[in-house]
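Before any comments, here is the structure.
Just so it is clear, the values below take in all heavy atoms, side chains as well, and ignore hydrogens, waters and symmetry mates. Below, chain A is the first sequence line, B the second, and so on; all start at residue 1.
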Amino acid sequence: MRNLGFRLLGLSDPEQVKAGMHTLTSAAEQGDVEAEIALGRIYLAGIPTVPKDVRRARDHFLRAEPSRHPSAAYFLGVMSQNGQGVRADPREAARWFEIAAERGSPDATFLLANAYRAGAGVPKDDKKALALYEKAGELEHAPALQTLALAYLHGELGLEPDEAEYRRYMMEAEHALQHRPVPP
Amino acid sequence: MGALAACGDDTGGTTTNNASSSGSGGAGGSGGAGGSAGAGGSGGMQVTPEGSTAVVALLETTDLHTNILSYDYFKLVEDKAIGLERTSTLVNQARAEFPNNLLVDNGDTIQGTVLADYQALVTPLPCDQTLAMYKAMNQLKFDVAGIGNHEFNYGLAFLSQVTHTPFDVPDLELSGSSACAGPLFPQVNSNVFSMKTNETLFQPSVLVTKTITATGPDGTAVESTLRMGFIDFTPPQILNWDKKWLEGKVFTKGVEEVAAPLIADLRKNGADLVVAIIHGGLDDTPYVPSLENQAWHLAHVPGIDAMLMGHSHQIFPNAKSTTPQFDLPEVDKALGTVAGIPAVMANFWGQHLGVIKLGLTYDGTSWTVDKTKTIVEARPIATTCENGLPAACDAMEQWLTGAPCAFATMCNMQADKTKVYVPADPAIASLLDTEHQATIAYVKTPIGTTDFEMTTLFAEVGDVGAIQIVNQAQADYVASYIQQNLPQYAGLPVLSVSAPFKTGFQGGTDYTDVMAGSLAINNAADLYLYANTLQAVKVTGAGILDWLEWAATRYAQIDPTQTMPQPLINPAMPGYNFDMFTDTRISYEIDVTQPLPPLGMKASGRIKNLMFEGAPMDMGQEFIVATNNYRAGGGGNFPGLDGSKTIFAAPDTNREVLIAYIKKIQNITRADNGSARSFQFTKVTTMGPVTFTSAQNALPKAQAAGLTNISLLQQDDGSGKLLSIYAIDLSQ
């Protein structure tokens with residue numbers, strides 16, 4: 001049912017799109033977590049005939065969250081970070097990213113690393129940031145690998161400048177890009 | 001040209017029987033006790049006494065990605081940290097150490113560098129020639145090779161030709177491939193099937209027969225026959241990654257559907273040992289046939305004696321690794337075993353050679369693995385010196401197996417952190433000089449011209465000469481894509497940002513600097529340094545303001561009343577994060593007298609008079625901004641950029657986009673492509689100089705770029721990095 005919904009949503013006829021939303025909503029009501037998250041994504045960004053609605057988006061992600069799907073927590077973190085549908089709260093964002101990271105979301109792991117690096121919502125901790133970038137890197141997150149590469153080149157995050165490590169991480173980032181990652 | 005030498009030519013003491021899953025033919029039956037197990041053709045070989053022992057080494061390369069020579073084709077410089085020509089030296093040394101050996105490649109071999117693209121796309125290789133990569137592998141006398149996922153990047157017709165394997169798939173006539181040149185070694189893959197025939201594209205298993213030198217129970221040398229069976233797996237995700245080539249033509253299965261029957265067949269055909277080649281890593285999540293990394297599950301299929309892994313670009317064994325997949329249950333990352341089976345993963349681009357030294361015992365019927373005499377290690381082609389010793393070797397400068405390591409004595413009297421490299425095997429470079437030179441010539445072929453010198457020497461004080469062309473290329477690509485594919489955004493303005501990647505961190509030569517005149521691919525690589533893919537995000541005017549505010553933290557806070565020199569640049573914010581518009585529709589000021597944000601807080605207060613098309617930018621208006629995967633995904637920690645704003649992630653790299661754009665517009669001029677400066681500093685009179693460093697003797701270039709407020713303060717900044725101190729007059 002979810003796949004039918006996706007197909008309808010890809011069509012240009014607004015009636016079909018509406019039908020697609022109905023289909024997805026039914027799927028979600030019957031417990032399809034992917035459908036729930038897809039609805040959240042749609043309302044978060046808005047698509048041609050479905051206006052952005054951050055409150056509805058957040059509702060969908062909150063409903064999906066108990067299933068422990070990493071994307072739900074990731075999006076809740078992003079929304080808290082950006083103040084979408086909820087007051088901007090870096091602490092809350094970091095909390096969600098932590099949950100999503102534990103569930104293996106490379107993107108959330110990377111954003112959590114950024115939070116520790118910036119001291120946003122969590123105490124500033126370069127060592128922790130570094131470990132989280134490494135973890136995201138091992139999940140082939142290209143921006144994380146590039147961050148590590150640049151950190152080695154410039155001696156950031158408390159690292160000794162190391163050109164060989166810079167080149168190694170850039171190679172890894174380049175390779176990671178060739179494995180099209182699944183977006184959250 | 002007649003039928004070429006069949007894969008698996010007889011070379012010395014090896015015969016290779018290409019056993020298929022239907023179990024045809026193969027070696028003579030494994031005889032009963034004392035029976036002469038006929039290997040066919042080796043008549044007169046003595047019977048192997050029960051209790052004989054032997055040592056056989058499995059040597060693995062994986063993910064070479066056409067890095068044959070130690071060379072970077074974009075930068076046109078040697079790169080000793082990579083390259084099969086150096087792994088080859090390790091292979092030669094290992095073969096001397098282990099006279100009984102098999103060299104195996106684990107795929108992702110024929111795609112990855114400009115050389116590969118040159119042979120596949122630019123000047124497509126004719127049928128009667130062998131790919132450079134396979135030439136090198138033929139030279140190295142590989143025994144067998146598996147198929148990875150990148151093998152499919154150039155399509156089935158190309159793969160069929162260069163491997164001289166006539167795939168029988170729907171809608172393609174590839175029977176002529178069998179007459180083409182290619183590898184002299186057998187290639188194996190067990191899990192990619194033709195939709196037309198339901199057979200695998202390649203042989204699903206290969207049985208390699210080797211004459212080995214063993215030691216009899218009485219200590220005397222004994223010649224024996226060893227039969228090693230190979231199966232191979234590639235990630236099922238090829239159907240997504242290379243959908244355009246594979247949809248409707250092939251299907252895949254997983255290890256649990258395929259491995260056991262093949263192993264049984266191999267044993268029936270006389271295999272003493274079975275080795276699993278898997279282009280995948282370790283993942284213990286519940287098995288589904290479409291799991292990307294099936295090595296953990298494969299190791300649990302009974303009857304596998306050793307496993308060669310790849311794809312995830314890690315080094316295994318590696319006791320110090322923090323990679324989560326190496327901490328899974330039953331994985332020993334120090335010893336190199338998975339579920340008790342010796343396993344190795346040899347990194348990528350030739351940086352490591354995987355070595356599984358197998359101790360074997362003859363039990364009267366066949367050779368079996370003695371795990372107590374088995375050692376696994378991943379040997380690097382480069383290492384660093386610590387206390388006069390190479391870090392990759394033990395304290396006696398030996399490999400784990402006890403042989404002298406490749407770096408022995410190289411670190412004598414060397415400072416800590418000196419890098420040492422295995423020398424290249426000269427046979428490889430001389431074999432491929434034609435292809436190598438042709439690739440270099442291709443990279444140097446002019447794709448356009450520039451009437452001005454394009455540099456980042458003064459990019460942070462107003463020279464957009466090396467940035468604007470990148471922005472124009474990115475915007476052009478995105479606008480075009482949106483028009484064709486995303487009509488819902490067709491009404492939104494398309495903008496672009498980019499940053500100067502090289503801003504002198506390492507000194508006066510660490511700047512982008514492209515001379516006026518011809519532009520070639522290597523110049524484009526100087527203009528776009530990083531391996532990024534292009535992405536477009538949808539943001540509001542408020543989002544753009546936040547974006548610029550964060551970028552503006554690249555500048556320190558300047559106190560106009562200060563009489564001592566003040567550095568303009570804030571080193572805590574790297575130059576590669578100074579995103580800039582270079583667009584005649586946009587203008588803004590950066591007020592460097594305003595403070596930087598406290599730790600963890602958003603930046604604000606420095607961007608003034610942000611205008612779009614002559615009016616203040618509407619904070620609620622939506623814009624499309626072209627950028628890259630790093631920035632769009634959260635790199636640099638820009639507010640609101642966290643992966644959630646991307647409306648389009650291109651398959652093309654930013655560099656490829658730039659190259660295509662240069663080819664399109666041909667003649668780049670400062671007037672059209674190098675002077676659309678969008679930002680100015682808010683004018684302020686300072687009591688003392690405001691300074692920054694750049695390359696020495698570069699002032700004329702600032703002047704050529706129209707910057708009239710720059711002057712030289714000090715010829716040499718004293719850092720030893722060939723930098724001068726310049727001053728910028730912020731009142732102008």
Portion of [X] that has a non-hydrogen atom of chain A nearer than 4.5 angstrom:
X: B/Asn153; answer: neither
X: B/Asn149; answer: side chain
X: B/Asp108; answer: side chain
X: B/Gln111; answer: side chain
X: B/Gln506; answer: side chain
X: B/Ile647; answer: neither
X: B/Lys602; answer: neither
X: B/Ile238; answer: neither

Taking the six-membered ring where the residue is Trp, are the ring centres of B/His311 and A/His175 under 6.0 Å apart?
no
Residue pair [X] / [Y], side-chain heavy-atom distance below 4.5 Å:
X: B/Gln488; Y: A/Thr49; value: no
X: A/Arg167; Y: B/Asp79; value: yes
X: B/Pro639; Y: A/Asn82; value: no
X: A/Leu150; Y: B/Tyr530; value: yes
X: B/Gln351; Y: A/Met171; value: yes
X: B/Gln325; Y: A/Glu138; value: no

Kindly indicate, with the supporting measurements, whether the criterion side chain to side chain contact (heavy atoms under 4.5 Å, CB included) is fulfilled by B/His313 and A/Glu140.
CA-CA 10 Å; B/His313 281 198; A/Glu140 295 211 274; 5.5 Å; no
In Å, rounded to the nearest 0.5 Å, how long is the span from [atom1] of [X] to [atom2] of [Y]?
X: A/Gln81; Y: B/Leu641; atom1: CD; atom2: CG; answer: 10.0 Å
X: A/Arg117; Y: B/Asn637; atom1: CZ; atom2: CG; answer: 8.0 Å
X: A/Asn114; Y: B/Asp642; atom1: CG; atom2: CG; answer: 9.5 Å
X: B/His65; Y: A/Glu174; atom1: NE2; atom2: CD; answer: 9.5 Å

Of the listed residues (B/Asp63, B/Asn532, B/Thr646), which shares the most heavy-atom pairs with chain A below a 4.5 Å separation?
B/Asn532
Most contact-rich option vs chain A, by heavy-atom pairs under 4.5 angstrom, among B/Asn628, B/Asn240, B/Leu599, is B/Leu599
Go through the side-chain N and O atoms of A/Gln146 and B/Asn629 and say whether any donor and acceptor fall under 3.5 Å apart.
no
All heavy atoms of B/Phe348 vs all of A/Arg168, minimum pair found to be CZ-O, 4.4 Å
For A/Val78 and B/Ser644, work out which heavy atoms get closest and say how close.
CG1-OG, 3.6 Å
Pick whichever of A/Ala45, A/Gly121, A/Ala118, A/Ala120 has the most heavy-atom pairs under 4.5 Å with chain B.
A/Ala118
The interface call for A/Glu172 against chain B, heavy-atom contacts under 4.5 Å, is both
Under a 4.5 Å heavy-atom cut-off, does chain B meet the side chain of A/Leu153, its backbone, both or neither?
both
